[in-house]
Number of protein chains: 2
Amino acid sequence: MAGTLAVVGEKWSLLVLREAFLGVRRFADLQRNLGAPKAVLTDRLATLVEQGILHRVPYQAEGERQRHEYRLTPKGIDLYPTLVALMQWGDRYLAEDGVAPLALEHRGCGAPVHLALVCEDGHALAGAREVRPRPAAVSSR
Amino acid sequence: MAGTLAVVGEKWSLLVLREAFLGVRRFADLQRNLGAPKAVLTDRLATLVEQGILHRVPYQAEGERQRHEYRLTPKGIDLYPTLVALMQWGDRYLAEDGVAPLALEHRGCGAPVHLALVCEDGHALAGAREVRPRPAAVSSR
DNA sequence: CTCCTGGGTTCGTAGAACGAACTGTGCTCC
DNA sequence: GGAGCACAGTTCGTTCTACGAACCCAGGAG
């Protein structure tokens, strides 16, 4: 977990990924939506690419010169639950008007989507208190 | 989501919360386990308390003077899925020996626990691609 | 030829994190 | 009853990072 934070825990990384999940792929759009300094954004994108979370893809729009855009790799897509978890907590505790700014719905069935803790026997867990952490192997650290 | 990151996105906050979920409550233990500078830890604990995520509880161990410890509030406990999400991703992509350093099991049934995306009609979703984001109300932001 | 836009890089400054040293308080042990 | 110790901080000086503004370069449009 510390490792994950080392990879995506820097100030703008997760916000960049949120934009990526919303379909924003181009540098200028990211910069405008986030309001981050360009230098920082450049750096965050570079480390995300380096970590294999984003992929730099060249493309060419009609009547424009070649540019490149940033797309999520499968490794990046697997960060989705993390983003959803942050969103849900924010919706619950920080939504001023009681309305979440972004709703997630199941494509096709239309019902709202949320994260749940489940165990492999199929039980749904109510909360953290039903979970017991168990250290795997006794190693260093 | 940006709000959530503003609250718990600073460098050590989520690590402090991980320790809290593992039962570490005392300043010195946190400081030892995390290796963070004391000044930073003091600051992070103060803001977490201020945000209502931790609670500062005085206690008195036998034969010791009064001290205080930090406990999770319900608001803090609701951050559990976020922590689990980060953990799962780290286990999948960063575990060197292929073994997760910490397993979560369902108290009572013993089966491994993980996070799942579900919709309110009870369908389990395979991944981010089955989710459609829908902006709620068009406001200022 | 000049302007504009996308995607950067290069500054100087302001703020944050770091480690080490210091403070204070209530133990226990000699 | 004084010395030492552990816990919980605070203070201090240095280093690292973020920030905003300015600059650069390429290609297309006017």
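Each chain gets a letter, A, B and so on, in the order the sequences are listed, and its residues count up from 1. None of the values given here were measured: they were computed from a predicted structure.
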* Asked: Is the phosphate of C/dA16, meaning OP1 or OP2, less than 4.0 Å from a side-chain N or O of B/Trp12?
  -> no
* Where the side chain of B/Val40 is concerned, which of D/dG9, C/dG7, C/dC18 is the nearest nucleotide? -> C/dC18
* Structure fact -> note: A/Arg67, atom CZ; C/dG8, atom C1'; distance rounded to Å ~ 11 Å
* To do: Looking only at side-chain atoms of A/His68, point me to the closest of C/dG7, D/dA8, C/dA17.
  => C/dG7
* Structure fact -> Taking for A/Arg32 and for A/Thr42 the nucleotide of DNA chain C with the nearest heavy atom, the one nearer the 5' end belongs to A/Arg32
* Would you mind reading off the distance between A/Leu41 atom CG and C/dG6 atom P, rounded to a whole angstrom? => 14 Å
* Just how far, in rounded Å, is P of C/dG15 from CG of B/Asp43? -> 15 Å
* Which nucleotide in the set D/dC19, C/dG7, C/dG19 lies at the smallest distance from any side-chain heavy atom of B/Pro37? -> C/dG19
* Asked: Is any NZ, NE, NH1 or NH2 atom of the basic residue among B/Asp29 and B/Arg32 found under 4.0 Å from an Asp or Glu carboxylate oxygen of the other?
  -> yes
* Under 4.0 angstrom between B/Arg26 side-chain N/O and D/dG9 OP1 or OP2 -> no
* Name the one of A/Val118, A/Val84, A/Leu117 that satisfies side chain to side chain contact (heavy atoms under 4.5 Å, CB included) with B/Leu115? -> A/Leu117
* To do: May I ask you to evaluate whether A/Arg44 reaches the phosphate of D/dA18, defined as a side-chain N or O under 4.0 Å from OP1 or OP2?
  => yes
* Check the distance between C/dA17's P and B/Gln31's CD and give it to me in whole angstrom. => 15 Å
* Asked: Any side-chain N or O of A/Tyr70 less than 4.0 Å from the OP1 or OP2 oxygen of C/dG7?
  -> no
* So what does A/Ala39 hit on the nucleic acid, given a heavy-atom distance under 4.0 Å: a base, only sugar-phosphate, or nothing? -> base
* To the nearest angstrom, how far is A/Lys38 atom NZ from C/dT9 atom C1'? -> 9 Å
* Asked: Relative to each other, are the rings of A/His68 and A/Tyr70 parallel, tilted or perpendicular (30° and 60° limits)?
  -> perpendicular
* Once you round to the nearest 0.5 Å, how far does CG of A/Leu102 lie from CZ of B/Arg134? -> 9.0 Å
* To do: Provide, to the nearest angstrom, the distance between the CG atom belonging to A/Asp29 and the C1' atom belonging to C/dG8.
  => 15 Å
* **Separation of atom OH in A/Tyr59 from atom P in C/dG6, rounded to whole Å** => 9 Å
* Relative to the ring of A/His123, is the ring of B/His106 parallel (under 30°), tilted (30 to 60°) or perpendicular (over 60°)? -> perpendicular
* Asked: Of the candidate nucleotides C/dC18, C/dG8, D/dC7, which contains the atom at the shortest distance from the side chain of A/Arg56?
  -> C/dG8
* B/Leu30 CG to D/dC7 C1', straight-line distance once rounded to whole Å -> 13 Å
* Asked: Can a side chain N or O of B/Arg25 be found less than 4.0 Å away from OP1 or OP2 on D/dA8?
  -> no
